[in-house]
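Only one structure is covered here, and it is reproduced in the block below.
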Amino acid sequence: MAPTNRSPFRRTLALMASAAILAQVGVSGIAYAQTAPETTAPGVIAPAPATPETAAPAPAAPQQTAPIQAAVPNTGPASVADLAEGLLDAVVNISTSQKVKDDEGAGPAPRAPDGSPFQEFFNDFFNKQQGNKGGNHNVSSLGSGFVIDPAGYIVTNNHVIEGADDIEINFANGSKLKAKLIGTDTKTDLSVLKVEPKTPLKSVKFGDSSTMRIGDWVMAIGNPFGFGGSVTVGIISGRGRNINAGPYDNFIQTDAAINKGNSGGPLFNMKGEVIGINTAIISPSGGSIGIGFSVPSELASGVVDQLREYGETRRGWLGVRIQPVTDDIADSLGLDTAKGALVAGVIKGGPVDDGSIKAGDVILKFDGKTVSEMRDLPRVVAESTVGKEVDVVVLRDGKEQTVKVKLGRLEDSDQAAASGDAAPDGSQDDGVITPDPGENNDMDQPDSGDQAKPAPTPDQHKGQVSPDAATPKNVLGLSLSLLSAETRKAFSIAESVDGVVVTEVTPGSASAEKGLKPGDVIVEVAQEFMKSPDAVAAKVQALKQEGRRNAQLMIASANGDLRFVAVPME
């Protein structure tokens, strides 16, 4: 009976073993798909040699496992070792030193425990020699850069070398060379350095960042915390980021680890091309939390070329002051969506002071490039060639028009600053003039302008008492009066300003919410000059009849600063 009992038992074990093998292939076949066919993956129990009674089901296993192993793909991302190996020599570490007085930056310096692997790093950055009070000492810093020309041209961030008395380049092979500054651009935080190598250097080239998509793999190489030649990999997390670092913010966001010391280092695509220059991180702790920002190559390459050729940048200049097109302004202008840049003023003596572009125009396209929002215009203007004639598409009087303008040079706007046309903070750094934030949340207050209508002579209204002045008209929650010598004096309104003066604002009204206040002057309504309160009331009524929900007002402050405000007409 014993043989009779063993046979079913062995057959059952064989069937169970075969099922277990097939199950393991389905569950963990991916893990050993690239191993040799005769090798069993760890954790999978190999079946015992088949007996005559169990030989029949045995051939089924190879027939099932072989096709599955051949079709299973590789696991994880492909290695970047070969790519990194060919690029490491072109990435450099940059050390700088600066002489400062001992009383500058006074305060306790952090220290690492003796014997700590970070002790040398902390000494380099923070330690101050005792007993050296009253004199000068050197402060050192570390950053990254990359070679773009075998002759020795190196790109880095401006903040890496800013204020440095001595710049030294450390190469991957251990050699060191002194560098001189060729040119720097604070607006994009880029600098170009030059060393004199004895033999040609390994270099890298710029790629086209405009072709990169969110989710594409990228690789950063740099000198984080002094650890030279560090390689990190991640993806592009976002594009066109504005972090208020400068007038041309258009950063690439990446989750590739970027830390202190990575500044100025390259961000590569998987072809080994530089598509970004690592510049900033967001981090409460000071270390990487996966939010890093790089200057895109589409912006950086042009700046670098100009710095190499001229030692400075030469940007285009349009000479207009702009503000955002809000939803309310878009509605008041008849635009289907909020887009473009609203011209709040034109700089006297600037490239478009000939009337080709006027206050109230909305710039929709510049040199064939769509201006989706206000901050797009400064960048495309600055990237344009000085003296170039370009086509500009504007919305004027409800219709699109194409005007041709010849660009000036941004640096020439300093002359406008000297004549008093510049912004109070002296900012002409964006190719146009971008206004500072205004009083309300959805509107920007432009800087001083020259677009007010011709002023009346000082005696024009003197001695006259109009019905409108005697009985102010209330429109949109505003009490309006003619400008007269009395109202000018009462609100300190400059003689260069003309229009209809606001004498009172109803609390809680739409106009009050938009930041209008007594002493403001309504120059235009819907791009039409206003001569009297009656004219304002009539124009607002006409807009209501046209089905408009908002009235666009050009408002002049007492000193002539202009801005556009869209006031709801409920």
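Just so you know, these numbers come straight off a predicted model, no measurement behind them.
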- Query: Which value, rounded to the nearest 0.5 Å, describes the distance between Ile291 atom CD1 and Gln253 atom CD?
  - Reply: 6.0 Å
- Query: Stepwise, does the side chain to side chain contact (heavy atoms under 4.5 Å, CB included) test hold for Tyr153 with Val147?
  - Reply: CA-CA 6 Å; Tyr153 286 96; Val147 181; over 6 Å; no
- Message: Working note: Asp216 + Arg239, criterion salt bridge (charged side-chain N to carboxylate O under 4.0 Å, His left out); need CA distance, chi angles, decisive distance, verdict.
- Response: CA-CA 11 Å; Asp216 280 344; Arg239 291 177 50 88; over 6 Å; no
- Taking every non-hydrogen atom, the tightest pair across Pro351 and Gly408: CG-N, 3.5 Å
- What distance do Ser384 atom OG and Leu318 atom CG have between them, rounded to the nearest 0.5 Å? 9.5 Å
- Task: Could you tell me which non-hydrogen atom of Asn269 sits nearest to which non-hydrogen atom of Leu83, and how far apart they are?
- Result: O-CD2, 4.0 Å
- When rounded to the nearest 0.5 angstrom, what is the spacing between CE in Met212 and OG1 in Thr254? 9.0 Å
- Query: Picking from Thr337, Leu342, Leu364, what satisfies side chain to side chain contact (heavy atoms under 4.5 Å, CB included) with Val325?
  - Reply: Leu342
- Item | Close side-chain approach of Trp317 and Val381, heavy atoms under 4.5 Å | no
- How long is the gap from CG on Asn93 to CG on Asn223, to the nearest 0.5 Å? 3.5 Å
- With Pro224 as partner, the option from Ile258, Asn262, Thr232 fulfilling side chain to side chain contact (heavy atoms under 4.5 Å, CB included) is Asn262
- Output, in order, the C-alpha distance, side-chain angles, deciding distance and verdict of side chain to side chain contact (heavy atoms under 4.5 Å, CB included) for Ile94 and Leu193. CA-CA 10 Å; Ile94 300 176; Leu193 308 175; 4.0 Å; yes
- So, Asp208 and Lys271, do they make that salt bridge, N to O below 4.0 Å? no
- Message: Can you tell me if Glu85 has over 12 outside heavy atoms packed within less than 6.0 Å of its CD?
- Response: no
- So which heavy atom on Ser297 is nearest to which on Gly207, and how close? OG-O, 2.7 Å
- Task: Starting at CZ of Phe366, measure out to CZ of Arg379 and round the result to the nearest 0.5 Å.
- Result: 12.5 Å
- Query: Would you find more than 12 non-hydrogen atoms of other residues, nucleotides or ligands less than 6.0 Å from Lys404 atom NZ?
  - Reply: yes
- Shortest non-hydrogen separation from Phe268 to Ile275 and the atoms involved: C-CG1, 4.1 Å
- Query: Which pair of non-hydrogen atoms, one from Val386 and one from Gly316, has the smallest distance, and what is that distance?
  - Reply: CG2-N, 4.1 Å
- Item | Ser191 side chain reached by Val155 side chain, heavy atoms, under 4.5 Å | no
- Here the pair of heavy atoms bringing Leu307 nearest to Ile182 is O-CG2, 3.5 Å
- Task: Answer yes or no: is there an ion pair linking Asp166 with Lys178, defined by an N-O contact shorter than 4.0 Å?
- Result: yes
- Query: What is the distance from atom CG of Asn173 to atom CG of Leu201, rounded to the nearest 0.5 Å?
  - Reply: 9.0 Å
- salt_bridge(Lys365, Asp391) N-O dist < 4.0 Å: no
- Message: Does this structure show an ion pair linking Arg409 with Glu312, if we count only N-O contacts that are shorter than 4.0 Å?
- Response: yes
- Task: State whether Asp149 and Arg308 are salt-bridged, where the test is any N-O pair (Lys NZ or Arg NE/NH1/NH2 against Asp/Glu carboxylate O) under 4.0 Å.
- Result: yes
